[in-house]
Amino acid sequence: MGVKYKIEKSLLPKRYQNFFLIPTSDGVSQSVYLLGNQFVLKIFDDRPKTQIDKEIKLHQQMIKHNLLVPKIVDSFEIDGGVVLVYEQITGSSPKETTPAQVEAIGEFLAKLHKIEFDFDLDSGKYSKESLESLVDRYNIVPIKKCLDFVECNLKEDTLIHADLFRDNAKFIGNRLSGVYDFSDASIGDRYFDLGVVAISWCIDDLNLNQDKLQALFSGYSEEICLKEFVEYMKFVSLYYAATRYIGNRDYKELLEIFDRLKILS
């Protein structure tokens, strides 16, 4: 979450005028504000209405399948941009993770990846071809040198969150209270989703924590070959290193993780 498009409380509908309007500071996606401790505002100032409609339908489907995601309770417009109002999830995002928390995220993804839906979602964004295109377009030399060291065949057959870093989930202790920010959800490879969690939730001091990785696999309830999965982790680390490079954010940590994962290949 984060704020790119700044608003004043005076622009909100009267029903929200008595809430404290609190800008968030994490992330680079849509502009996100908290309304006190009750609601979350997400401003879609650069996305077509059809894409916003898909996010609404997606949330409805996930809630129907008893996934821990926030309900969308309202919508309105500010300066032509659509604003969605979500229930605010209780708890906090972990700065450091426990195996129990990682296992809970694995369980969540196992349920998410089984959802069937009757509307179109984007695909192709999280493919090797897409990454190569980004690297060429922005001439990301440090990442271009690494592409030949990744061997994974990414499929496009599963609904994935695609951005499930630690700041997109909340816990009360070790109990998962909710997952949010599905703006980049797509049809992709389920191991891409698991790879995002692995490089974010299962890395301690830039090294892979094997206990946490096994907790992820246990929560997902699947035997996964470590050597094959490492290739997905390497791809994910390069993909998000590229997006951070493009967004003028620190990407070198992810390249360091990539280099250390190469030892496990």
Steps toward salt bridge (Lys or Arg N to Asp or Glu O under 4.0 Å) verdict (Arg260, Glu256): CA-CA 6 Å; Arg260 299 192 183 197; Glu256 178 66 25; 2.8 Å; yes
Parallel, tilted or perpendicular: which one describes the rings of Phe229 and Phe217, with boundaries at 30° and 60°?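 Judged by the thresholds at 30° and 60°, the geometry between Phe229 and Phe217 is perpendicular.
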Geometric class of the Phe39/Phe19 ring pair [parallel <30°, tilted 30-60°, perpendicular >60°]: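 Phe19 vs Phe39 ring planes: perpendicular.
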Salt bridge flag under 4.0 Å for residues Lys111 and Glu107: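 Salt bridge absent between Lys111 and Glu107.
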Could you tell me whether Glu55 and Lys42 make a salt bridge, using a distance below 4.0 angstrom between a side-chain N and a carboxylate O?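 Between Lys42 and Glu55 there is a salt bridge, with a charged N closer than 4.0 Å to a carboxylate O.
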Quick check on the 6.0 Å ring-centre criterion: do Tyr86 and His59 meet it?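 For Tyr86 and His59, the ring centres are under 6.0 Å apart.
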Kindly say whether the aromatic ring centers of Phe165 and Tyr240 come within a distance under 6.0 Å.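 So the answer is yes for these two rings.
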Begin from the C-alpha positions of Val102 and Asn209 and carry the test side-chain contact (heavy atoms from CB on, under 4.5 Å) through to its verdict. CA-CA 11 Å; Val102 177; Asn209 184 310; over 6 Å; no
What's the separation between atom [atom1] in [X] and atom [atom2] in [Y], rounded to the nearest 0.5 Å?
X: Gln17; Y: Leu35; atom1: CD; atom2: CG; value: 10.0 Å
X: Asn153; Y: Asp189; atom1: CG; atom2: CG; value: 8.0 Å
X: Leu154; Y: Tyr191; atom1: CG; atom2: OH; value: 12.0 Å
X: Phe258; Y: Leu206; atom1: CZ; atom2: CG; value: 14.5 Å
X: Leu58; Y: Ser183; atom1: CG; atom2: OG; value: 10.0 Å
X: Ile203; Y: Leu213; atom1: CD1; atom2: CG; value: 8.5 Å

Common cluster, Leu261/Leu226, ILVMFWY with side-chain heavy-atom separation under 4.5 Å: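 Yes, Leu261 connects to Leu226 through the hydrophobic network.
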Do Phe20 and Leu34 belong together in a cluster built from hydrophobic side chains that touch within less than 4.5 Å?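 Same hydrophobic cluster.
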Would you mind reporting whether [Y] and [X] have side-chain heavy atoms less than 4.5 Å apart?
X: Phe76; Y: Leu41; value: yes
X: Leu216; Y: Trp201; value: no
X: Cys202; Y: Leu208; value: yes
X: Phe149; Y: Leu238; value: no
X: Tyr239; Y: Ile199; value: no
X: Ile160; Y: His113; value: yes
X: Leu12; Y: Val83; value: no
X: Val179; Y: Ile105; value: yes

For the [atom1] atom on [X], are there more than 12 heavy atoms of other groups (residues, nucleotides or ligands in this structure) within a distance under 6.0 Å?
X: Lys9; atom1: NZ; value: yes
X: Gln51; atom1: CD; value: yes
X: Asp136; atom1: CG; value: yes
X: Asn18; atom1: CG; value: no
X: Glu228; atom1: CD; value: no

Is a donor on one side and an acceptor on the other found under 3.5 Å between the side chain of [X] and the backbone of [Y]?
X: Glu87; Y: Val73; answer: no
X: Glu231; Y: Glu151; answer: yes
X: Lys125; Y: Asp184; answer: no
X: Tyr232; Y: Val196; answer: no
X: Ser123; Y: Ile187; answer: no
X: Arg244; Y: Arg249; answer: no
X: Ser130; Y: Ser127; answer: no

If the test is side chain to side chain contact (heavy atoms under 4.5 Å, CB included), which one of Thr24, Ile22, Val40, Ile43 qualifies with Tyr33?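 The single option meeting the side chain to side chain contact (heavy atoms under 4.5 Å, CB included) with Tyr33 is Ile43.
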For a side chain to side chain contact (heavy atoms under 4.5 Å, CB included) with Val197, tell me which candidate from Leu109, Thr97, Val236 qualifies.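 That would be Leu109.
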I need the minimum non-hydrogen distance between [X] and [Y], along with the two atoms involved.
X: Tyr251; Y: Pro142; answer: OH-CG, 3.9 Å
X: Lys234; Y: Lys262; answer: CE-CG, 4.1 Å
X: Ala215; Y: Pro99; answer: CB-O, 3.4 Å
X: Pro94; Y: Ala169; answer: CD-O, 4.0 Å
X: Gly124; Y: Glu156; answer: CA-OE2, 3.1 Å
X: Pro70; Y: Ile89; answer: CD-CD1, 3.7 Å

Flag this pair as yes if the NZ/CZ of Lys57 is under 6.0 angstrom from the six-membered ring centre of Phe117 and inside a 45 degree cone about the axis; otherwise no.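 Checked: cation-pi criterion not met.
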Let's go through Leu264 and Met233 carefully: what are the C-alpha distance in whole Å and the side-chain angles of both, what is the deciding distance for side-chain contact (heavy atoms from CB on, under 4.5 Å) to 0.1 Å, and is it a yes or a no? CA-CA 11 Å; Leu264 301 176; Met233 294 176 64; over 6 Å; no
For Tyr138, what residues pass the ring-ring contact (aromatic ring centres under 6.0 Å, His included) criterion, not counting sequence neighbours?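 If we apply the ring-ring contact (aromatic ring centres under 6.0 Å, His included) test to Tyr138, skipping adjacent residues, there are no hits.
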From CA spacing to verdict: side-chain contact (heavy atoms from CB on, under 4.5 Å), Ile246, Ile140: CA-CA 9 Å; Ile246 294 167; Ile140 313 176; 4.1 Å; yes
Criterion side-chain contact (heavy atoms from CB on, under 4.5 Å) on His161 and Asn168, from CA distance to verdict: CA-CA 10 Å; His161 182 288; Asn168 281 331; 4.0 Å; yes
Would you mind listing every salt bridge (Lys or Arg N to Asp or Glu O under 4.0 Å) that reaches into residues 191-208, with sequence neighbours excluded?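 Pairs touching residues 191-208 that pass the test: Asp204-Lys212.
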